[in-house]
There are 2 protein chains.
Amino acid sequence: MELDKGKEQFIECWTSMGSSWGINRTMAQIHAFLMASSRPMNTDEIMKGLSISRGNVNMNVRNLMEWGLVSKSTPNGGRKEYFEADKDVWQAARKMINMRRQTELEPVVGVLKGLRKVEGEGKEAEEFRDMMKSMYKLANRTNKALVRLEKNQDSAVLSVLSKMLK
Amino acid sequence: MELDKGKEQFIECWTSMGSSWGINRTMAQIHAFLMASSRPMNTDEIMKGLSISRGNVNMNVRNLMEWGLVSKSTPNGGRKEYFEADKDVWQAARKMINMRRQTELEPVVGVLKGLRKVEGEGKEAEEFRDMMKSMYKLANRTNKALVRLEKNQDSAVLSVLSKMLK
DNA sequence: TTCAATTTTCAGGAGAATTTGAAAACTCCA
DNA sequence: TGGAGTTTTCAAATTCTCCTGAAAATTGAA
């Protein structure tokens, strides 16, 4: 397969994965596009490359910067902004994991923590509390494991992990 | 907090988490509803409990069964079907992880594997191949780790994991 | 076989999320 | 300061996904 076809396939693949994980379609597209580019790209190049509007590029590129996956620069002292993806895949994965851990897992842990203590006497209440306890335990452990993962700079951590889980 | 309020909050929490992870809103709702119920529920009870239509219940309950998270029974020899969630939280988590690993991660691993070998000579092609190589490595390792996770019956695996990632 | 209870299907509707494009705002240089 | 180049905003349009509800199919009992 040729390079251009390869890039196209990569973008498509990354995009479809992103959308099934609740990540905005265009955001995934732009991220893949920048990951696959060998140099920083400006807004017009992204618009042309992916056939999307200026407003759309602007909004999603800003999101990607918030996630820390993309950075902006203005070479030649000009005003034109160029965008570049962090090419360290492991680093990028860690950022995505951490972003979602914070916004989505952590609040759940908090809610479950409270729900373990719900009032009531009978078998039904007892069972509910038990369920909340085991959910809390799982969510909390997962959260902690992901925090550790985030702090760890070494990508070898995954191979360690897979050895442990034999 | 009282039991009923607690169940409500749990359903809401589970639902919102589900939807940010690309899981159908109603599917998450029904799953939470059944997790929080102390006995199997029939279609009418689910409809009433969550204020959703019959068709919607039917479709999503079948999905949940496909995922292996919910099972059906017909007590009293009648035709009426009752649905019940698997109450083992760890088991349920493993099923969800595995389902998505198969349908979403595995195909990506395959694509990346091929893209490592994209044709072309210059620096650009070289860089692209390198990127695909490291992505493949990460995706493949993650996939393998998740397979091991799925095979492991013991929920203690997460505490092991968190000790490892110190 | 017939009938009533129940489940399943699916076309159309509703609502949510995304995208566009043009106007407004901003910024730097001459 | 004026103006061209560039970014940002946002209301409206579009697209997508999900849900409804009634009709059709299925099932078990009599």
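In what follows, chains carry the letters A, B, and so on, assigned in the order in which the sequence lines appear, proteins first and then strands, with residues in each chain numbered from 1.
- Distances were taken from every side-chain heavy atom of A:T26 (C-beta onward) to each of D:dT6, C:dT8, C:dT18; the shortest belongs to C:dT18.
- One can place CG of A:L50 at 11 Å from P of C:dT19, the figure rounded to the nearest angstrom.
- As a whole-Å value, the separation of B:K72 NZ from C:dT7 P is 9 Å.
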Tell me, with the steps shown, if A:K123 and A:E126 meet salt bridge (Lys or Arg N to Asp or Glu O under 4.0 Å).
-> CA-CA 5 Å; A:K123 167 172 162 284; A:E126 207 58 69; over 6 Å; no

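- Hydrophobic clustering places A:V109 together with A:V118 (ILVMFWY residues linked when any side-chain heavy atoms are closer than 4.5 Å, directly or through intermediates).
- Salt bridge annotation for A:K80-A:E45: absent, with no cationic side-chain nitrogen under 4.0 angstrom from a carboxylate oxygen.
- A:R25 places its CZ atom 13 Å from the C1' atom of C:dA17, with the value rounded to the nearest Å.
- Atom-to-atom, CE of B:M47 to C1' of C:dT8 comes out at 14 Å; the value is rounded to the nearest Å.
- The NZ-C1' distance, from A:K80 to D:dT8, rounds to 16 Å in whole Å.
- Taking atom CD on B:E81 and atom C1' on D:dT26, their separation rounds to 11 Å, with Å as the unit.
- Remark: C1' of D:dT20 and CG of B:N24 are 14 Å apart, rounded to the nearest angstrom.
- A cation-pi arrangement, defined by a distance under 6.0 Å to the six-membered ring centre and an angle within 45 degrees of its axis, is present between A:R100 and B:W21.
- For A:N42 and D:dT7, the shortest distance from a side-chain N or O to OP1 or OP2 is not below 4.0 Å.
- A salt bridge between B:K87 and A:D130 is absent, with no side-chain N of the basic residue lying under 4.0 Å from a carboxylate O of the acidic one.
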Can you list, pair by pair, the side-chain donor-acceptor contacts under 3.5 Å of residues 47-59 of chain B, counting residues two or more places apart and other chains?
unit_1 : atom_1 : unit_2 : atom_2 : d
B:S53  : OG     : B:N56  : N      : 3.2
B:R54  : NH2    : B:D44  : OD1    : 3.0
B:N56  : OD1    : B:N60  : ND2    : 2.7
B:N56  : ND2    : B:T26  : OG1    : 3.3
B:N58  : OD1    : B:R62  : NE     : 3.1
B:N58  : OD1    : B:R62  : NH2    : 3.1

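- DNA chain D lies under 4.0 Å from at least one heavy atom of each of the following residues of residues 52-66 of chain B: B:I52, B:S53, B:G55, B:N56.
- A straight line from CD1 of B:I23 to P of D:dC18 spans 12 Å, rounded to a whole angstrom.
- Under a 4.0 Å N-O distance rule, the pair A:E106/A:R101 qualifies as a salt bridge.
- With C:dA5, D:dT7, C:dT8 as the candidates, the nucleotide lying closest to the side chain of B:R79 is C:dA5.
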